Amino acid sequence: MIPLSWYLIVAALLFCIGGYGVFARRNAVAILMGVELMLNAVNINLVAFWRYSVLLNPNPNMPFFTITSGWAWAIFVLTVAAAEAAVGLALIISVYRRRDSVIAEELDLLKN
Amino acid sequence: MEIPSSWYLFLLPEISLTILLFAIQVYSRMLPNDRQRNVGLMTAWGAFIILMITLGLWWYADIPNANAPLEESLIWGGMLRNDMITLVFRVIFLTALMTTCLVSLDTPWLQKIEYFALLITATMGFSLMAASSDLIMLYIGLEMASISSYILAGFYKADDRSAEAGMKYFVYGAFATAVMLFGMSYIYGIFGSTNIYILGLIVQNPTLQSSMTAAGFSFQDFTAVNLVAVVMIVVGFGFKISAVPFHWWAPDTYEGAPTAFTAFVSTASKAAGFAIFLRVFTAGVFGAPTSVTANQEPWWALLVVICIITMTLGNLSAIFQKNIKRMLAYSSVAQAGYALIGLIIFTQAGYGASMFYLLMYAFTNIAAFGVIIIVSNVSQSDQMEDLYGLNRRSPYLALVMMVALLSLGGIPPTAGFLGKFFLFKAAVDAGYWWLALIGILNAFVALYYYLTVIKYMYLYRSDAEAIEIPVSRAAIMGLGITTLVVIILGVYAGPAYEWTLQAAASFMTLAGG
């Protein structure tokens, strides 16, 4: 069986790539894509932890239904990320309509 | 499985909010386009009725029960916790919803069904956040509130600045939430549970069996990962309460967003952030929240540093602002710093004082923003110059603004004074006199810029003095209620403070101990 650490390394890498995307990309849509990558990293983590530790070694101290909480959470993250992406793209479009630009640095009306 | 009726009764405020959400949509369809303002009135009344339902349930049906043991108070499969903390925060959110609706009725372009519906969904998200005792529920509540808030911040599509504020809020918010979730996924992996009270139990008793120990690891193997996870969670929470250094979004969003929404997000959203912060912190997910061991932990030092720089940087930045909304945004960053004092001193009095502070801050800030809304409806801007000579134009508005600013600055006889007094007293009693000292020094700095605004209103003259400022009955109600409560809490805070202290007792009951 592939060890747990492989999944965790992939997730950590994905998270870092996503985080780099958020800080380095100038296009708002690309920033949104970076955030989505980070959320996918979270999902890999959750499902891997669930499969390798909680499912293989269920904790006798906890109620039975808590055994599913890892992947249930991952499904919620997926669903919410979809809603968030919809709202985010709508906001980006609303900015684009006013300013003809989605470059983050050009949005500088609000500053000290 | 039989579901007790008290579980449904506990959710009655949220259920009523859902009903209100549908009711205003039907009502909005029945009204002609030029009378959509009534939808806002209906939302305000609905929020008031739900507030009465919430308090009535507590008063007559003992829901939430302050003395229930932890095992009984965890309901809906451990997702929510039926306790007094939820009640206090629900009161904050519902009053914030009511007064925000009242003060937003004067802005013509906000009189749309979407605006009020999103305010209601955000309030539901906030209440679920405050009630959640499970990381999954906490996340869903947080996203429910955040997604509504992103849209509300960018609600005024015809305005460049509102669109920009919405997008900035969204980008920073989505990033902070993703970081927080990644930290939570590690916590879940290490300790094998999503319930914060079970997590706290396992964190504090390393001998207890969890999935990882069963797999042959010990918790000592994860000390570093655990610390990283805690820092990531603090990033997410720090974003919600706009603590430095996660506050960059706050000034931009507060300035660009519709002012009524700014009032709402700076009070209700901040209180909701504090609710989850307090819950996760006091459940012991970071580590045992007792002064005996925790104040040697690295994450505690991190929280203290955040608290101090939040107060200081917030106040110092506020001094130089020319835009009144931006100034209040930095001031609200600083206020989050004061409320954090109550969180990091590990006493019931501290938690109670923190909740009292958030309660009075909600009224104070909505009064201040309410005046700004009304003034900027006439002047179409929100610079400091708009407030010049306000006393000559409209003495009552100037009076409300003065009470609100004095309360923000912490001058008696307003609620702000007692809020700060309880916080600093709790800090001194717990032995953290230096935190109280930094807080008091900061309060003096803050006084400077609050008093400057009062000087503008009362001593300066302006060319626009002849222009009348129309105030609707609803706005008078909104400003009247908030100002009255600020003064009442300032002269007679006993019952309210006792109430929040009683609620804070629920923070002290930990799982298994």
Side-chain angles (χ1 to χ4, degrees), chain A residues 4 8 11-12 15 18-19 22 28 31-32 34-39 41-46 48-50 52-63 65-66 69-70 72-73 76-77 80-81 83-88 90-92 94-95 97-99 102 104 107-112, chain B residues 77-78 134-136 139-140 143-144 146-148 150-151 153-154 157-171 173-175 177-179 181-182 184-186 188-190 192-195 198 201-202 208-215 217 251-253 255-256 317 320-321 326:
Chain A
L4 170 63
L8 298 187
F15 184 80
V22 171
I31 293 175
L32 182 61
V35 171
E36 296 292 319
L37 280 186
M38 291 164 80
L39 290 174
V42 173
N43 277 345
I44 294 179
N45 251 359
L46 286 174
F49 275 129
W50 170 75
Y52 279 82
S53 76
V54 180
L55 186 65
L56 293 184
N57 305 290
N59 190 336
N61 300 323
M62 280 176 223
F65 57 80
T66 59
S69 54
W73 195 356
F76 277 121
V77 174
V80 171
E84 206 172 45
V87 168
L91 286 169
I92 292 171
S94 117
V95 168
R97 281 194 180 148
R98 300 288 314 170
R99 313 277 286 275
V102 289
L107 304 176
D108 52 2
L109 281 179
L110 304 166
K111 61 182 175 195
N112 281 336
Chain B
D134 193 288
L135 294 179
I136 302 179
Y139 168 65
I140 296 168
E143 283 295 332
M144 190 170 175
S146 302
I147 291 178
S148 315
Y150 302 149
I151 309 173
K157 283 185 296 185
D159 180 31
D160 286 3
R161 297 192 308 158
S162 177
E164 184 181 328
M167 209 188 91
K168 281 189 172 166
Y169 191 23
F170 167 76
V171 168
F175 177 72
T177 318
V179 172
L181 261 182
F182 199 68
M184 284 178 175
S185 76
Y186 276 138
Y188 168 71
I190 298 169
S193 174
T194 54
N195 189 294
I198 295 178
L201 188 67
I202 300 175
L208 269 181
Q209 201 187 10
S210 86
S211 309
M212 273 296 179
T213 50
F217 295 98
D252 289 357
T253 305
E255 184 190 337
S317 314
F320 305 105
Q321 299 309 320
R326 215 174 171 83

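Small disclaimer: the values here were computed from a predicted structure and weren't measured. Just so it is clear: chains get the letters A, B, ... in the order the sequence lines come, proteins before strands, and each one is counted from 1.
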Checklist outcome for this item: Looking only at heavy atoms, the pair that brings B:Ala163 and A:Val95 closest together is O-CG2, 3.4 Å
Checklist outcome for this item: Under 4.5 Å to a heavy atom of chain B? For A:Ile31 that would be side chain
Item to check | Which atom of A:Leu46 lies closest to which atom of B:Ser185, heavy atoms considered | outcome: CD2-CB, 3.7 Å
Item to check | Heavy-atom contact with chain A under 4.5 Å, split by part of B:Met144 | outcome: neither
Next on the checklist: Quick check against the 3.5 Å criterion: does B:Tyr188 have a side-chain atom that pairs as donor or acceptor with the backbone of A:Gly70?
Outcome noted: yes
Checklist entry - Tell me, side chain or backbone of B:Tyr139 under 4.5 Å from chain A's heavy atoms, or both, or neither? => result side chain
Checklist entry - Can you find a pair of side-chain heavy atoms, one from B:Phe170 and one from A:Leu32, that are under 4.5 Å apart? => result yes
Item to check | Max heavy-atom pair count under 4.5 Å with chain B, selected residue of A:Val102, A:Ile92, A:Val42 | outcome: A:Val42
Next on the checklist: When you compare the side chain of B:Glu164 with that of A:Arg99, does any pair of heavy atoms fall below 4.5 Å?
Outcome noted: yes
Item to check | B:Ala153 portion near chain A, given a 4.5 angstrom heavy-atom threshold | outcome: neither
Item to check | Shortest non-hydrogen separation from A:Ala12 to B:Tyr186 and the atoms involved | outcome: CB-OH, 4.2 Å
Next on the checklist: Less than 4.5 Å to any heavy atom of chain B: does that hold for the side chain of A:Val22, its backbone, both, or neither?
Outcome noted: side chain
Checklist entry - Taking C-beta and beyond as the side chain, do B:Ile190 and A:Phe49 meet within less than 4.5 Å on heavy atoms? => result no
Next on the checklist: If you compare all heavy atoms of A:Ser69 against all heavy atoms of B:Ile136, which two are closest, and at what distance to 0.1 Å?
Outcome noted: O-CD1, 3.6 Å
Item to check | Close side-chain approach of B:Glu143 to A:Phe76, heavy-atom, < 4.5 Å | outcome: no
